[in-house]
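Below, each value reflects all heavy atoms present in this structure, side chains not excepted, and no hydrogens, waters or symmetry copies. Order of the sequence lines fixes the chain letters, A, B, ..., with proteins taken first and strands second; residue numbering starts at 1 for each chain.
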Amino acid sequence: MICELVKKEQPKEHIYDFTVLCPEMAEQAKAGQFLHILCGGDAYLRRPISICDVTEGKYLRFIFEVRGEGTKSLAEKKVGESIDILGPLGNGFSLHPEDAEDALLIGGGIGIFPLLNLAKELGNKPNVILGFRNKDAVMMEDEFSAASSKLMIATDDGSYGFHGLVTDLLKQQMETGRVSHIYTCGPTPMMRAIAEIGKEHNIPVQVSLEERMGCGVGACVTCTCMVNGGRKRVCKDGPVFDGAEVEF
Amino acid sequence: MAEMKVNIAGVEWKNPVTTGSGTFGFGREYNEYFNLSELGAVCLKALSAVPRLGNPSPRIAETPKGILNSVGLQNPGAEVFLERELPWLRQFDTKLIANLCGSTIEDYVKVAEMMGDSVDMFELNISCPNVKEGGMAFGTNAKMIEEITQKVKAVSKVPLIVKLSPNVTDIAEMARAAEAGGADALSLINTLFGMKIDVKTRRPVLYNNMGGLSGPAVKPVAVRMVYQVRQAVKLPIIGMGGITTGEDAIEFLLAGANAVAVGTAGIVDPYAWIRVRDEIEAYLDENHIKDVNDIVGMVEMH
């Protein structure tokens with residue numbers, strides 16, 4: 001589907017915040033789903049980028065980091081230009097509105113983006129933990145603050161917020177209050193550690209995985225991960241999986 | 001409107017467009033984008049006698065105008081296919097081609113027997129570069145091609161297409177070997193064996209290190225090979241390798257292919273198959289060619 005880029009911001013040196021007009025996709029989009037974007041330039045394949053927000057029922061927002069040729073070309077698009085987007089694709093997070101106030105969202109680095117839409121969709125405002133490398137990498141604090149009942153930020157070097165890992169904050173949160181469900185997206189080691197804590201304490205953990213992807217619709221079977229002893233497609237069976245079943 | 005029907009080894013396709021095995025699964029995913037009955041034939045993902053887990057990820061790497069893949073023939077096995085997928089596929093008015101793979105000649109014979117006459121055609125996959133045993137090892141040796149073709153043909157209840165590997169020095173020799181073994185048709189090319197290295201990590205991008213190259217990057221190699229095979233044998237040819245537009249497909253037909261498969265292009269554009277079909281038809285109409293079969297092999301060499 002061809003969508004018009006209506007808003008473009010650059011919150012960090014290598015990070016771009018795009019909003020596209022696309023009522024059909026916006027209507028269907030669920031938190032945790034992704035868009036498969038034709039970036040232009042020499043990039044042959046589409047790039048999967050998670051949906052960060054849906055606004056006014058017709059706009060889709062996605063944020064991405066420039067990492068290679070594809071995202072570099074995408075970042076060069078100008079407001080008013082069109083972008084070829086397939087989506088929304090994949091299964092999003094399973095929501096449990098009844099427990100939303102005790103839900104905990106944990107994001108790391110550029111994995112925080114899909115959690116904003118999730119925080120808004122959960123119904124009751126959840127608790128949110130965000131982890132970053134350092135103060136310079138911290139972003140979207142105001143938006144997450146507005147969408148959560150409590151926002152905790154950790155940095156690896158202690159230059160902002162809590163000095164330590166998101167898992168330290170998770171343990172604190174479990175000691176001081178109830179955690180009904182954990183939703184997480186971020187670096188693999190972080191998600192693996194959270195999935196282990198969840199297993200230990202019998203808390204369901206939903207993880208959003210990433211893998212090098214082809215078609216995005218489940219046919220080419222390239223973006224597989226091991227789940228419960230079998231290969232699952234990140235694009236079609238995921239990208240959200242039960243953390244207890246993923247073999248990281 | 002030009003006539004689009006083609007006849008491949010006695011099987012009539014309503015148009016000359018099929019799918020490249022392994023890019024289309026068993027059709028369920030793309031049926032959400034277009035009706036499978038729109039295609040001349042659907043060539044299914046490789047099937048083996050027993051389920052195969054395939055290779056670990058990463059299984060795909062982007063390259064200039066193409067991709068490398070190392071899926072490794074992951075499939076649920078013929079039995080599960082026959083039970084869960086075939087009844088669903090049968091609702092469509094299109095021909096079904098089962099792509100058969102194995103590690104030994106006995107495996108290939110077994111899967112051909114299991115499939116019986118449940119589909120319209122078989123495609124013998126002796127050209128996959130992503131498996132340790134079988135696959136390309138069979139498809140790069142003329143004697144082996146003849147032997148395996150003969151043995152599978154002996155138990156095949158439907159026409160047998162042999163899919164050739166481009167990773168050979170003389171493609172015509174391989175085509176003649178398949179013909180001598182009793183192949184009813186040929187398809188080419190499978191992927192070109194390749195490798196991509198991440199210079200930051202100094203490791204290959206694919207977990208399996210090497211993989212099969214497909215996409216527009218391989219098209220000139222594929223067109224050349226189709227032409228050479230056309231000169232060597234009389235069998236029907238299904239041409240493939242980087243076809244993205246109707247004009248790409250016309251190139252293959254001119255080189256001598258009787259039909260074409262679209263594969264990697266569909267990974268980028270889920271409507272690629274239908275678009276290519278429509279663009280072939282538009283080319284024929286614009287050039288006042290009444291029947292698609294009339295341009296097969298009509299390239300005029302210098």
Side-chain angles (χ1 to χ4, degrees), chain A residues 1-2 28 35-48 67-74 83-91 188 209-239 241 246-248, chain B residues 19-33 44-46 51-76 130 196 198 200 205-207 211-212 214-217 242 244 263-273:
Chain A
M1 195 160 287
I2 305 298
Q28 299 168 35
L35 305 173
H36 214 23
I37 301 176
L38 207 55
C39 295
D42 287 336
Y44 183 67
L45 292 171
R46 291 173 183 270
R47 298 291 189 272
R67 278 201 247 176
E69 285 306 311
T71 41
K72 194 177 157 198
S73 295
L74 185 60
I83 305 177
D84 182 336
I85 302 178
L86 207 57
L89 298 176
N91 295 312
T188 301
L209 301 186
E210 195 179 35
E211 189 48 77
R212 281 182 187 267
M213 195 175 281
C215 66
V217 301
C220 76
V221 205
T222 51
C223 60
T224 53
C225 58
M226 288 300 285
V227 177
N228 244 351
R231 291 205 202 283
K232 294 282 184 194
R233 301 162 297 183
V234 169
C235 69
K236 185 80 176 178
D237 304 312
F241 292 95
V246 174
E247 295 161 35
F248 287 100
Chain B
T19 59
S21 177
T23 62
F24 205 72
F26 298 130
R28 285 187 192 269
E29 294 79 15
Y30 287 112
N31 190 55
E32 291 177 20
Y33 293 85
L44 304 161
K45 181 157 178 54
R52 290 183 63 107
L53 196 55
N55 297 317
S57 293
R59 291 172 159 194
I60 187 167
E62 188 177 64
T63 57
K65 291 279 176 199
I67 60 168
L68 283 168
N69 91 81
S70 59
V71 171
L73 305 177
Q74 176 181 334
N75 80 89
N130 292 323
K196 177 178 177 173
D198 181 334
K200 286 188 200 116
V205 174
L206 296 175
Y207 179 91
S214 62
T244 308
T264 304
I267 288 178
V268 180
D269 171 14
Y271 300 102
W273 293 275

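Residue pairs meeting the salt bridge (Lys or Arg N to Asp or Glu O under 4.0 Å) criterion with at least one partner in residues 19-30 of chain B, sequence neighbours excluded, are Arg233(A)-Glu29(B), Arg28(B)-Glu85(B).
When all heavy atoms are compared, the tightest approach of Cys223(A) to Ser57(B) is C-OG, 4.2 Å. Residues Pro58(B) and Arg212(A) come closest through the heavy atom pair CB-CD, 3.8 Å.
Within 6.0 Å of atom NZ in Lys65(B), 12 or fewer heavy atoms from other residues, nucleotides or ligands are found, so the atom counts as exposed in its surroundings.
Contact annotation for Tyr33(B): only side-chain heavy atoms (C-beta onward) come within less than 4.5 Å of a heavy atom of chain A. Heavy atoms of Tyr30(B) lying under 4.5 Å from chain A belong exclusively to its side chain.
Scored by the side-chain contact (heavy atoms from CB on, under 4.5 Å) test, Arg231(A) finds Thr224(A), Met226(A), Leu53(B), Pro56(B), Arg59(B), Gln74(B) as partners (sequence neighbours excluded). Remark: Ser214(B) engages Thr264(B) in a side chain to side chain donor-acceptor pair (under 3.5 Å) (not counting sequence neighbours).
Residues from residues 38-48 of chain A that place a non-hydrogen atom less than 4.5 Å from a non-hydrogen atom of chain B comprise Leu38(A), Ala43(A), Tyr44(A), Leu45(A), Arg46(A), Arg47(A), given in numerical order.
Expressed to the nearest 0.5 Å, how far OG1 of Thr222(A) lies from CG of Leu206(B) amounts to 10.0 Å. Expressed to the nearest 0.5 Å, how far CG of Asn69(B) lies from SG of Cys220(A) amounts to 8.0 Å.
Within the 4.5 Å cutoff, the side chain of Pro270(B) has heavy atoms near those of the Leu86(A) side chain.
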